[in-house]
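Below is one structure, written out as structure tokens; the observations come after it.
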Amino acid sequence: MRRFAEPLVGQRANPRPLLFRGARLVDPAADTDTPGDLLVVDGRIVAAGPGIAAPEGAEIIECAGAVLAPGLVDMQVHTGEPGLEHIETLASASMAAAAGGVTTMACLPTTNPVIDDPALVDFIQRRARDTAIVNVVPIAAATRALAGEDMTEIGLLRDAGAVAVSAGRRSIANAGLMRRLLTYTRNFGVLVMHEVEDRDLAGSGVMNESEAATRLGLAGIPSAAETVMLDRDLRLAALTRGRYHASQLSCADSVAAMRAAKAAGLAVTCGVSVANLTLNEYDIGAYRTFLKLRPPLRGEDDRTALVAALADGTIDVVVSNHDPQDVDTKRQPFAEASDGAIGLETLLAAALRLVHAGDIALPRLLAALSTRPAQLLGLPGGSLAEGAPADLVLFDPGAPWVVEASALSSRAKNTPFENARMQGRVLRTVVAGRSVYEYAVT
Amino acid sequence: MTSPAADFAPFPKTHLLGIGELSPLDIENLLDRANAWADRNALPDNKHAILRGRTQINLFFEASTRTQSSFEIAGKRLGADVMNMSVGSSSVKKGETLLDTAVTLNAMRPDLIVVRHHGSGAVELLARKVANCAVVNGGDGAHEHPTQALLDALTIRRHKGRIGGLKIAICGDIAHSRVARSNILALTALGAQVNVVGPPTLMPPAIDRMGVKVFHDMDAGIEGCDVVMMLRLQRERMSGAYVPSSREFFHYYGLDARRLERAAPDALVMHPGPMNRGVEIDSLVADGEQSVIRDQVEMGVAVRMAVLEALAGNLDAHKDNRKPGQ
């Protein structure tokens, strides 16, 4: 049985103290994994460790050894609000987030209108406050209308509450503009998030350029389309010393470029989507458009390189790249179908596949899902330390379940994990000390 | 009528191409001469005969109102025959090269040429190709605008009594500004501490190597300064290429009364004009008690008289050679 909280309109409630008893406390910020209790008062963590006494009136949650960790911070979420509310609203996305253990979603500016004005940043924050059940932070557009031509008012957008700027779904082709953008944002300490794909090299490609594409008769996107753009950006980051973040890497060559840049001391970071970490081009099977993604699913060698890069810290964050799409645009011949898949609700469960496979330790994975993205966006979450906000996820890492698209909370149902077997189930999601999602076996 | 600047040492240059080629003594020499002219200009009867018989051509490849008219008044007060050539509307548009123009000019036998050109180094190129006349740089590209720096220095000196030891902030579009470069050269040569303030996109690389401190935070950059010098931001640079909007620029780099409080209580507010009110400077500040913007214009005439006179003083020997029997 699943139960969601109602949105809190206006002031945050001041709930009773909350004591998690008998949990497996995994704090990726401290790299610890120990049994213990955790006490929340007034929306903040006040104590974590063994044998914490319950204050009077506290709500006690018996965890029975389930993992208690900082709530996930997903820095790559597309919604349809404003403009495409029939596909996804901030409210419906926030329910999917809560069901997936995501306590903060950073929403991309790829809406209609594009979030390129301080008043629109304010709009997102107000709508989120009134309708969403998890934290919502806006990412503003780096260029006006995401046209890749003129810079937005990055200082004023930051002051209005934007946590980063993004160029949207397409790379900025003009290297001179990218240079000035990295230079200008440096002044405000604003993170520039960039999708890396050279438009001309990608051409009309619709999936990874490979034997699989040839056999399917589909035009390919070479991995060089990504690495060429990444190489350019890394040189510009070195020139400008701006805060650069490659939003999603998908191939081994890009990983190598990023590893070299970090070794050279550049302050650059990168992310990877959980789909690229857990699926490969052969999962597309017989033209399954729900696996038509951007960046595309690559070969197995690329996937394993991404997993290794996540384990060694070359890749900083794991994102859902939640990208709700209408059935109309997905139920099309593969080449004509839209790109993108939803992912908030399956983010943690899918990522846990890497832990179960022995590829990565749980604290390292959770760091990439909470601590590190919080740091990059300048948010206080991602930690179980005393005083940290009580944004938490309680999950049973071993519980098996099967993904049913119709049962997902997102308004759009385009999941690449339809009918997939998962191991790891979110039991409770807590935002600022309030349970916004609970799951109980009936 | 004799020149009030007649007693000063000869100026040791043929042309005035930039502050960069002047020693601190040369700069002081010109400032002393200009100071004398500024005092003299306050008196009645401003027609002098010092440049009588001299021809001055103002050759402006770039539109200018105040610099061109300032040079024109300066030349006319000294008695020169002044001709304005606005080349933007003439033969250059028809494809004539800069050097063709120089040849044409030589045939007209001018004594003084004031040149403004959009290309950095263009004035120096022209100076190498003209014969027996003095060239004054009226602004070349983003390189130098020496008379502007001299008039700024004179304005500061007359208000503060000195330049050495002052803390001076130059704010705004440093990257594209010849005014900024000439002022940095002049003010640091005279012993001032210069801060440059602006967003990183409007800050040229390695500007700190010119002996200035770089600030991207305006409040920190003007903290305790004796002079706050604002620069003009061209409109085409504030629509997303270098700066997102004039609104954002004013928010972070505009000089308003609140921000001016960070500077010294008696700080001077300067602007080379023309001003974008509400973009780089608030009207209350531009027209306020600390503003010396009007004085700058007045000092401009005195500085240009001093420069024209000083350069003309070196011409006589050439002239006698060139026009025997005249």
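All figures in this text were calculated on a predicted structure; none of them were measured in a lab. Lettering follows sequence order; numbering is per chain, from 1.
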Query raised in the report: Is the number of heavy atoms from other residues, nucleotides or ligands under 6.0 Å of A:Arg235 CZ greater than 12?
Result: no
Query - B:Arg178, CZ: over 12 other non-hydrogen atoms inside 6.0 angstrom - result: yes
Query raised in the report: Got a sec: does the NZ of B:Lys160 have more than 12 other heavy atoms crowding it under 6.0 Å?
Result: yes
Query raised in the report: Looking at side-chain heavy atoms only, is the closest gap between B:Arg247 and A:Pro118 below 4.5 Å?
Result: yes
Requested in this report: Let me know if A:Arg180 has heavy atoms under 4.5 Å from chain B in its side chain, its backbone, both or neither.
Outcome: both
Requested in this report: Search all heavy atoms of A:Leu156 against all heavy atoms of B:Tyr252 and return the closest pair with its distance.
Outcome: N-OH, 3.4 Å
Requested in this report: Please report the shortest heavy-atom distance between A:Asp150 and B:Ala241, naming the atom on each side.
Outcome: OD1-N, 4.5 Å
Query raised in the report: So what's closer than 4.5 Å to chain A heavy atoms on B:Phe249: side chain, backbone, both or neither?
Result: neither
Query raised in the report: Is chain A contacted by the side chain of B:His216, its backbone, both, or neither, given a heavy-atom distance below 4.5 Å?
Result: both
Query raised in the report: Is a donor on one side and an acceptor on the other found under 3.5 Å between the side chain of B:Glu248 and the backbone of A:Gly155?
Result: yes
Query raised in the report: Taking everything shown except A:Arg170 itself, do over 12 heavy atoms lie less than 6.0 Å from its CZ?
Result: no
Query - Euclidean distance, B:Leu202 CG relative to A:Thr183 OG1, rounded to 0.5 Å - result: 10.5 Å
Report task. List the atom of B:Tyr253, the atom of A:Asn187, and the distance in Å for their closest heavy-atom pair. Result -> OH-ND2, 2.6 Å
